[in-house]
There are 2 protein chains.
Amino acid sequence: MHALDDGISRWRRVADAIRADIASGVIAQQLPPEVELAERHGVNRHTVRRAIAALSTEGLLRAERGRGTFVNAQPPRVIYPIGERVRFRENMMKQSIEPSGRLIGAERVAADARQAAQLNVAVGAPLHRLERLAVVDGMPMSRSTSLFSAERFPDIISAYAETGSITQALQKSGVSDYRRRETRITAERVSPNDAELLQCASDAIVLISNAVDVDMEGKPVQSVRTRFLADRFELSFKPEGD
Amino acid sequence: MHALDDGISRWRRVADAIRADIASGVIAQQLPPEVELAERHGVNRHTVRRAIAALSTEGLLRAERGRGTFVNAQPPRVIYPIGERVRFRENMMKQSIEPSGRLIGAERVAADARQAAQLNVAVGAPLHRLERLAVVDGMPMSRSTSLFSAERFPDIISAYAETGSITQALQKSGVSDYRRRETRITAERVSPNDAELLQCASDAIVLISNAVDVDMEGKPVQSVRTRFLADRFELSFKPEGD
DNA sequence: AAGGATTTGTTCGTATGTATA
DNA sequence: GTATACATACGAACAAATCCT
């Protein structure tokens, strides 16, 4: 029973058929309802749902309860430069994008081994953790978690809350300028918490940038871990600058 | 019916319970069978499977038919520097890793608009496309697709096949040295073709580096798109060099 | 080596919950 | 409020891969 004409499961063939229909333009924006797709392909509704789930994981489809299932438009990615001088506001404004940051939360934590090494403090030293959400045109763009030595920057939280800018908050704390020492990039699936804040699918991919900023004497100032939605961003590194 | 004590669906709570059991060490390597988990949590087997599917998508679990469901070990990521001088072999050997490249295929193609702009050739100009697979200790690490102007580098394919190195192949073609002009990084789900070659799950994440190399006069030499498995790599950018 | 037991994968059926139009 | 459409959940059966005797 459950005839498999060629060893390919039915939901996979239904998924391939839907993918082909989208590629050929037969389906443009919205999929027919699940029951109709089930009839059309001669399978149970569950089988259609399995296919849609797979295509959603691929990022091709997006199902909305009560509304329908839609083909995801793939907007061009915003180019985000990474380099010695990294200023979110400056970078975005070069591309005619008006950014705004939002303070999600702040907390006092103790440094673990990795954080201690990055910030050149003792393990267990007090840190200020700053949780931020960058928003562009009302659309959440990235989540970042910044860490500062609480001993060196006791008032960084209130300074950021006042100015809304890391650069200005550091200036208030006596750091006139800073530069990036190292940026490490990897990618993971978005965490449930970030998925909610970034208003993305729960299985979206985030680019993770883990960076350390140092002041002009080379002393570590900030350790920051930023999560960019991978389908909205492209990180750009140019050796010579633009 | 189907009492939702707190508005969280059952499969999600089962997933959270399993995640917690793994974090606390109650489950170390292998999960109990689905039927047993279903009994233990008082739900249907389908509900357990939905939870396991979610955790598999997160990369935490890996189900093998006939064998069981296992906790994925998360090996430390290899650090891959990106900068002006990028030489795969040199980079890997610094971390005591002995690399080897494998030529997957080569083809003559016509430049599309994007490629033409990157390589500074006319749209439709002939290009050599070089498909490679980088292997470390028998483990596939990255897939890359290189593009060269076929007019400027007519013999690049055979030169690479002989030497097994892009750097040496370019030297044979009269490019004594080259540097990276720009690297753009994003992330996507792995393509089915790459998944097979990289021997990874079909829903794995790849870091995609799209780069242009130029010779010492600044003329474009190579456009290369490399796919790194995100759970095996971390890309590192240091402004000043190491 | 053969065959039964175990375990995950697929497919159907049915019912109910929840959000949207 | 009703109808539509996706989401969750349970039950049953069989397929396919692996393991064990």
Side-chain angles (χ1 to χ4, degrees), chain A residues 1-18 27 29-72 192 195-196 199-203, chain B residues 1-18 22 27-72 195 201-203:
Chain A
M1 232 37 53
H2 300 316
L4 299 180
D5 306 343
D6 54 356
I8 311 277
S9 59
R10 293 190 179 182
W11 68 262
R12 212 171 271 277
R13 274 183 298 182
V14 171
D16 289 343
I18 293 173
I27 296 175
Q29 290 192 313
Q30 183 168 6
L31 255 64
E34 293 172 347
V35 281
E36 188 182 325
L37 285 171
E39 279 180 16
R40 182 186 304 182
H41 293 96
V43 297
N44 187 274
R45 183 176 157 234
H46 283 310
T47 308
V48 169
R49 284 181 58 75
R50 181 74 182 82
I52 289 176
L55 295 172
S56 299
T57 298
E58 282 180 29
L60 186 64
L61 297 179
R62 162 182 38 89
E64 298 182 21
R65 187 198 299 220
R67 286 173 46 81
T69 302
F70 302 87
V71 179
N72 270 329
E196 196 172 340
Q199 292 173 25
C200 64
S202 61
D203 58 353
Chain B
M1 234 34 59
H2 301 315
L4 298 181
D5 307 342
D6 52 357
I8 310 277
S9 59
R10 291 192 177 180
W11 68 263
R12 209 171 276 276
R13 271 182 299 180
V14 171
D16 289 342
I18 292 173
I22 291 170
I27 295 174
Q29 290 193 312
Q30 183 168 6
L31 255 64
E34 292 170 351
V35 281
E36 189 182 324
L37 285 171
E39 278 180 18
R40 184 187 302 181
H41 293 97
V43 298
N44 188 272
R45 182 174 158 232
H46 282 310
T47 307
V48 170
R49 283 181 60 74
R50 181 75 182 82
I52 288 175
L55 296 172
S56 300
T57 298
E58 281 180 28
L60 186 63
L61 297 179
R62 160 183 40 89
E64 298 181 19
R65 190 206 293 226
R67 289 174 45 82
T69 303
F70 303 87
V71 179
N72 272 330
S202 62
D203 59 352

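Residue numbering restarts at 1 for every chain, and letters A, B, ... go by the order of the sequence lines. If you're wondering where the values come from, they're calculated on a predicted model, not measured in any experiment.
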Partners meeting side chain to side chain donor-acceptor pair (under 3.5 Å) with B/E36 (sequence neighbours left out): B/R40
Partner set under side chain to side chain donor-acceptor pair (under 3.5 Å) for B/R67, not counting sequence neighbours: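 Counting only residues at least two positions away or on another chain, B/R67 forms a side chain to side chain donor-acceptor pair (under 3.5 Å) with B/E64.
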Return the value, rounded to whole Å, for the distance between atom [atom1] of [X] and atom [atom2] of [N].
X	N	atom1	atom2	answer
B/E64	D/dA16	CD	P	19 Å
B/H41	D/dA9	NE2	P	13 Å
A/Q30	C/dT20	CD	P	14 Å
A/L31	D/dT4	CG	C1'	16 Å
B/E36	C/dT7	CD	C1'	12 Å
B/L37	D/dC10	CG	P	14 Å
B/I8	C/dG17	CD1	P	18 Å
B/R12	C/dT18	CZ	C1'	15 Å

Sugar-phosphate, base or nothing in reach of A/V43, heavy atoms under 4.0 Å: sugar-phosphate
Would you mind telling me which of [options] lies closest to the side-chain atoms of [X]?
X	options	answer
A/R67	C/dA21, D/dA17, D/dC10	C/dA21
B/R65	C/dT10, C/dC12, C/dT8	C/dT8
A/R10	C/dG9, C/dC12, C/dA21	C/dC12

DNA chain D-proximal residues of residues 49-63 of chain B, any heavy atom under 4.0 Å: none
Nearest heavy-atom pair of [X] and [Y]: which atoms, and what distance?
X	Y	answer
B/L37	B/P32	CD1-O, 3.5 Å
B/A63	B/T69	CB-OG1, 3.7 Å
B/V43	B/R10	CG1-CD, 4.1 Å
A/Q30	A/G68	NE2-CA, 3.7 Å
B/V71	B/R62	O-NH2, 3.8 Å

Flag side-chain contact, heavy atom, 4.5 Å: B/L61 against B/N72: no
Quick one: is [X] getting a side-chain N or O under 4.0 Å of the [N] phosphate, OP1 or OP2?
X	N	value
A/T47	C/dC12	yes
A/T69	D/dA5	no
B/N44	D/dA9	no

Any N/O donor-acceptor pair, A/R45 side-chain to C/dG13 base, under 3.5 Å: no
Pair of N/O donor and acceptor under 3.5 Å linking D/dT8 base with A/H46 side chain: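 Per atom types, no contact qualifies.
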Atom pairs and distances, donor-acceptor, side-chain atoms in residues 49-60 of chain B, under 3.5 Å, two or more places apart:
| unit_1 | atom_1 | unit_2 | atom_2 | d |
| --- | --- | --- | --- | --- |
| B/R49 | NH1 | B/E34 | OE2 | 2.9 |
| B/S56 | OG | B/I52 | O | 2.8 |
| B/T57 | OG1 | B/A53 | O | 3.0 |
| B/E58 | OE1 | B/R19 | NH1 | 2.5 |
| B/E58 | OE2 | B/R19 | NH1 | 2.8 |

Sequence-distant partners of B/A195, side chain to side chain contact (heavy atoms under 4.5 Å, CB included), two or more places apart: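 Per chain and number, B/A195 pairs via side chain to side chain contact (heavy atoms under 4.5 Å, CB included) with B/V190, B/C200.
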So which protein N/O to nucleotides 2-6 of chain C N/O distances come out below 3.5 Å?
none

Watson-Crick/G-U partner (both atom distances under 3.5 Å) of D/dG1: none
